[in-house]
Trainee: 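Below is the structure I would like to discuss, written out as structure tokens.
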Amino acid sequence: MTEQARTFYLVDGSSYIYRAYYAVSRLTNSRGFPTGAVLGFAQMLDKVVREKKPDYICVVFDAPGPTFRHEMYAPYKATRQKAPEDMIAQIPYIKDLVRFRGIPQMELPGYEADDLIATLTHWAVEQDIEVVVVSSDKDLHQLIDDPVVRQWDPQKDRVFMEWEVEDRYGVPPGRMVDYLALVGDSSDNVPGVKGIGDKTARQLLQEWGSLDRIYANLARVGSASVRDKLEKHREEALLSRRLVSFREDVPVERKLEAFAPGPPLKSQLIGLFEELEFRSLLDSLRKELNAVEPAAAAPAGRTKHKIAGSMDELRTLAERLAGEPVVSIQVETTRKDAMASDLAGLSFGFEDDGAWYVPLGPDGSEGDGRLPAAVALAALEPVLGRSRPAKIGHDLKTAWIVFKKHGIELRGIAFDTMVAAYLLDPGKQNYGIDRVAAECLGENIDSYEDVTGKGKSQVGFDTIDIGRAAAYSCAAADAARRMHPVLKRKLDESRLTELFEKIELPLITVLARMEFRGITADAEKLESLSIDFQKALDRTADTIYDLAKEKFNIQSPKQLAYILFEKLGLRVVKKTKSGPSTDMAVLEELALEHPIADHVLVFRTLAKLKGTYADALGKLINPRTGRIHTSYNQTVAATGRLSSSDPNLQNIPIRTEEGRKIRSAFIPAPGWLLLSADYSQIELRILAHCSKDEHLLEAFRDDEDIHRRTAAEMFGVSPIEVTPEMRRQAKTINFGIIYGMGPFGLAQRLRISTKTARTAIDKYFQGYRGVRRFIDTTIELARRLGYSETLLGRRRFIPELQSRNKTIRQLGERLAINTPLQGTAADLIKKAMIDAEDALNGSGLRTVMLLQVHDELVFETPREELAAAQELVRRVMEDVWKLDVPLKVELGWGDNWAEAHA
DNA sequence: CATTCTTCGTAC
DNA sequence: GACGTACGAAGAATGC
């Protein structure tokens, strides 16, 4: 049996970018980023890899910039149109795609892809390897040499044969250069011999065999006019031949192993496809990966790791750690939520490579290869509780909290790779270590869910086999350690280091402390509220059933829509994707026509208060302390804000009487008070500062009622003449500006005509000319830079601004305005939190900070400290940053959170 | 039956 | 389609 020859697939990457771009036209993701070329390219590549399973493969690209051909002939390719912007934008993604697929790629400045392909072809043939040139480009026909070099176009599944080339050009592939030297190539601006076309060239080459022979025998060429042309354009002919000839001596890698396809980088590919929203590719990728590695006892990975499974080993490890200048730390917990979980393991990554894993369990777990967490941590306390060694980790807030639960305060936090990755690009979906490592190191490490599973079938980390746990955890610790210098450099390059070191890093501990403290919630109060809400719900439901003359699930938008719009025949005000909308705005409008709408609104409110708040909060009270411990997420909101979850304490009701009952269930410890400190109009003040609008500045400097002042500006009256209605409209516009609201939105909100709304907005900008200018320049700057920036230099990329889709582009414009305002507010309150924590620590006061709600900080203070705490908090918050306008803080206090609002 | 998507509503 | 940032409950739809 003869051995199948090895094959080398050389993919003409650049030409497929073009083809894919034009084939899959005008596709974008939901953010307006063009994705067609990437999709087409991915499909092409898929076909090559799946169907042909090449032994060796390389995707070859043209390098940007001039080539040696431009040096010999400046007008080379000068008539080419510039590649479309939205194609160029996709090229980095295509290169990522190739890399993530595990496929080698190549480009070399000064050369075209064709030269690299020719060089590699030549070399491969010498090695007895069959070559398939993957391209549909006619220029590459000249490489065809049946059967060792073939040319194939996967899109049409067409193999170009030698005889086809002969048919087309009258010469074998190897002589195509002579043909082209004569006729030229208008698409590349190759001159050829003027006046000689296809027919003549074929005849000449048929007769003489090659260009050189033609010129050698020029005198004997039959037609005088042809002879004349050849004579006259000899230089052009020779130049043309050099232009169309491929170089076969390009200095490129010539190691066969370098061209063997590697395994795909799973999480990177998934990340890429998710970003580009390639649903079908995602599906098939997931299937493929599940099929190929059936939860394969995951490869141990490259990280050298050891397990400290005894106290002796642990003590040795602790000693070694104590001598290190810097270590990385990765904690493994039984659950996602740090406050609610226990330590299941801990690993340390060392500077000189390798990592140690310490399997941990509850007290009395010596027997099963784990160490009791309490005992083990006691031994590690000298390492964890001191600032040396410096600690690096991916999500050190979680680490801080789980250590604190064992009485240890983690010190020496030097770098958090999760926070750094967020700061570098805060728009990402998540910052799991696998994703960040993929991007940062180009490596494929397991995600937490790869190890524990997800959804219903997820298991606690403590049930994972120790060897597997160690492999995962050490890989993570090691990755974090190696990512540190990379991320650090990137932060420097983006001038984000100061924001990182002065704000985000110290904030980690501040947040950890707040989460650890929690806030007391009155369980009985919540319970009795739940019962009250339920009673009211029952009554409301009965009324609704009476009006509808049947029972149905009021919480089902579908059933409700049937009742309202079919049975009762009410007007369809607006629609959702799946049917008529029944949201609040619609119901408010329908309330004018039918009494049922009001009752549904009441029902919805009650159901919300009971389900989302009273019941859900009750379940999250720690039975031991009676307190609720939210999680603050530092890496979620694209603007730089924090978010809060499990539970979300940043959306506790306040606007209605009923809702405030929920808020009143948050209480201080006995003998203490809750103190709430709100930044007044912080975003509008930031707008004043950024825009330098004279009227806005003046309004805040004079501490005026900003909405009244705005109304006065708009309606051309004095502030005392402003009516409540005028003020209401001005207030809506003031907020609308921050969000980039247009006439339509304002009209809806104020229930006025779009035309009136447009006039109102015009009047606003007549009053605040500086704001208009700020908006225009801010959008323009963001368009140029590709990102928006806050006062402290936080960045958010806004690719939407480059979209060809107008709606998406307008969204980009709103983001470009909103992000610096919302983000600067976030910067400032984050700094205020750090300053407040510091000031309280140094004050001797017992007051502590419990909550942050975007522009509000909530403290718990002993009654007798109230005055001192107020003074301190106000000073810290108002002095957080020197702006062109004063920052104003409003303080309130009371025996519950509802009362604490002035 | 489990998971994901959709709709709705709360906060700033 | 039209106002930015979040989180989460419940129903509906989809997939295994």
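Source: prediction; values computed, not measured. Lettering of chains follows the sequences in order, A, B, ..., and the numbering in each one begins at 1.
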Trainee: Does A:S556 place a side-chain N or O at less than 4.0 Å from the phosphate oxygens OP1/OP2 of C:dA12?
Mentor: yes
Trainee: Pick from A:N633, A:T630, A:N651: which one makes a side-chain hydrogen bond (donor to acceptor under 3.5 Å, both in side chains) with A:S644?
Mentor: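 That would be A:T630; it is the only one of A:N633, A:T630, A:N651 passing the side-chain hydrogen bond (donor to acceptor under 3.5 Å, both in side chains) with A:S644.
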Trainee: Could you please name the option among C:dG4, C:dA9, C:dG11 that lies closest to any side-chain atom of A:P557?
Mentor: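 Ranking C:dG4, C:dA9, C:dG11 by closest atom to the A:P557 side chain puts C:dG11 first.
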Trainee: For atom P, what is the distance between B:dT6 and C:dG1, given to the nearest Å?
Mentor: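 Looking at atom P only, B:dT6 and C:dG1 are 14 Å apart.
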Trainee: Strictly below 4.0 Å: does A:R641 bring a side-chain N or O up to OP1 or OP2 of C:dA6?
Mentor: no
Trainee: Across the strands shown, which category fits A:N633 at heavy-atom distances under 4.0 angstrom: base, sugar-phosphate, nothing?
Mentor: nothing
Trainee: When you check the phosphate oxygens OP1 and OP2 of C:dA6, does a side-chain N or O of A:N648 lie under 4.0 Å from one of them?
Mentor: no
Trainee: Identify whether any heavy atom of A:R604 sits under 4.0 Å from a base atom; if not, whether one sits that close to sugar-phosphate; answer base, sugar-phosphate or nothing.
Mentor: sugar-phosphate
Trainee: Please table the atom pairs, donor to acceptor, closer than 3.5 Å between any side-chain atom in residues 537-544 of chain A and protein atoms at least two apart or in another chain.
Mentor:
| from | atom 1 | to | atom 2 | distance (Å) |
| --- | --- | --- | --- | --- |
| A:D538 | OD1 | A:Q534 | NE2 | 3.0 |
| A:T540 | OG1 | A:A536 | O | 2.6 |
| A:T543 | OG1 | A:R539 | O | 3.0 |

Trainee: Would A:S753 and A:T756 satisfy side chain to side chain donor-acceptor pair (under 3.5 Å), going step by step from the backbone distance to the final call?
Mentor: CA-CA 5 Å; A:S753 73; A:T756 315; 2.6 Å; yes
Trainee: Reckon A:Q822 touches a base, only the sugar-phosphate, or nothing at all at heavy-atom distances under 4.0 Å?
Mentor: base
Trainee: For A:F700, enumerate each residue passing the ring-ring contact (aromatic ring centres under 6.0 Å, His included) test, keeping only those at least two apart in sequence or located in another chain.
Mentor: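 A:F700: no ring-ring contact (aromatic ring centres under 6.0 Å, His included) contacts found.
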Trainee: Please work out if A:R796 contacts a base, only the sugar-phosphate, or nothing of the nucleic acid, heavy-atom cut-off 4.0 Å.
Mentor: sugar-phosphate
Trainee: Kindly indicate, with the supporting measurements, whether the criterion side chain to side chain donor-acceptor pair (under 3.5 Å) is fulfilled by A:S530 and A:D615.
Mentor: CA-CA 6 Å; A:S530 174; A:D615 293 348; 2.6 Å; yes
Trainee: Indicate, with a heavy-atom threshold strictly under 4.0 Å, whether A:K577 touches base, sugar-phosphate, or nothing.
Mentor: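 Sugar-phosphate only.
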Trainee: Where do A:T754 and A:P743 come nearest, in terms of heavy atoms and distance?
Mentor: CG2-CB, 3.9 Å
Trainee: Atom CD1 of A:I554 to atom C1' of C:dA10: distance rounded to whole Å?
Mentor: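 That distance rounds to 14 Å.
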Trainee: Which heavy atom in A:L649 sits nearest to a heavy atom in A:W897, and how many Å separate them?
Mentor: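 Scanning both residues, the minimum pair turns out to be O-CH2, 3.5 Å.
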Trainee: With the threshold set at under 4.0 Å for non-hydrogen atoms, list the residues of residues 733-760 of chain A touching DNA chain B in residue-number order.
Mentor: none
Trainee: Could you state the CG-C1' distance from A:L537 to C:dA9, rounded to the nearest angstrom?
Mentor: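 It works out to 14 Å between those atoms.
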Trainee: Tell me: CD1 of A:I682 to C1' of C:dG4, nearest whole Å?
Mentor: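 So the two atoms are 16 Å apart, to the nearest Å.
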Trainee: In whole Å, what separates the C1' atom of C:dA2 from that of B:dT10?
Mentor: 22 Å
Trainee: Rounded at 0.5 Å granularity, tell me how far CD in A:E683 sits from CG in A:L828.
Mentor: 10.5 Å
Trainee: Output the rounded distance in Å from CD1 (A:I662) to P (C:dG8).
Mentor: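 Taking atom P of C:dG8 as the reference, CD1 of A:I662 is at 16 Å.
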Trainee: When we call it a touch if two heavy atoms are under 4.0 Å apart, what does A:T819 touch: a base, just sugar-phosphate, or nothing?
Mentor: nothing
Trainee: The side chain of A:A616 lies closest to which of these nucleotides: C:dG11, C:dG4, C:dA9?
Mentor: C:dA9
Trainee: Measure from CD1 on A:I817 to C1' on C:dA2 and round the result to the nearest Å.
Mentor: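 Computing the A:I817:CD1 to C:dA2:C1' distance gives 17 Å.
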Trainee: Give the rounded distance in Å between these two atoms: CG of A:L560 and P of C:dG11.
Mentor: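 From A:L560 CG to C:dG11 P: 13 Å.
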Trainee: Kindly state each residue pair satisfying salt bridge (Lys or Arg N to Asp or Glu O under 4.0 Å) with at least one member in residues 808-830 of chain A, sequence neighbours excluded.
Mentor: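 Passing the test, one end in residues 808-830 of chain A: A:E504-A:K830, A:R783-A:E813, A:R794-A:D827.
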Trainee: Which whole-number value in Å describes the distance from A:D583 CG to C:dA9 C1'?
Mentor: 17 Å
Trainee: Under 4.0 Å between any heavy atoms, over every strand shown, what does A:K608 touch: base, sugar-phosphate, or nothing? Just pick one.
Mentor: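 It contacts base atoms.
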Trainee: Could you give the start and end, 5' to 3', of the contact zone on DNA chain B for chain A, using atoms under 4.0 Å from its heavy atoms?
Mentor: B:dA2 to B:dC12
Trainee: Does A:T639 make a side-chain N or O approach to OP1 or OP2 of C:dT5 shorter than 4.0 Å?
Mentor: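 No.
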Trainee: Test side chain to side chain donor-acceptor pair (under 3.5 Å) on A:T398 and A:D395 and set out the steps.
Mentor: CA-CA 6 Å; A:T398 297; A:D395 186 11; 2.6 Å; yes
Trainee: Holding to ring-ring contact (aromatic ring centres under 6.0 Å, His included), I want the full list of residues that pass it with A:H707, two or more places apart in sequence or in another chain.
Mentor: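 For A:H707 the ring-ring contact (aromatic ring centres under 6.0 Å, His included) partners, ignoring immediate neighbours, are A:F735.
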Trainee: Heavy atoms only, 4.0 Å cut-off, all strands: where does A:L609 land among base, sugar-phosphate and nothing?
Mentor: nothing
Trainee: With heavy atoms under 4.0 Å as the rule, sort A:A826 into base, sugar-phosphate or nothing.
Mentor: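 Result for A:A826 = nothing.
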Trainee: Atom CG of A:N651 and atom P of C:dT5: how far apart are they, to the nearest Å?
Mentor: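 Value for this atom pair: 16 Å.
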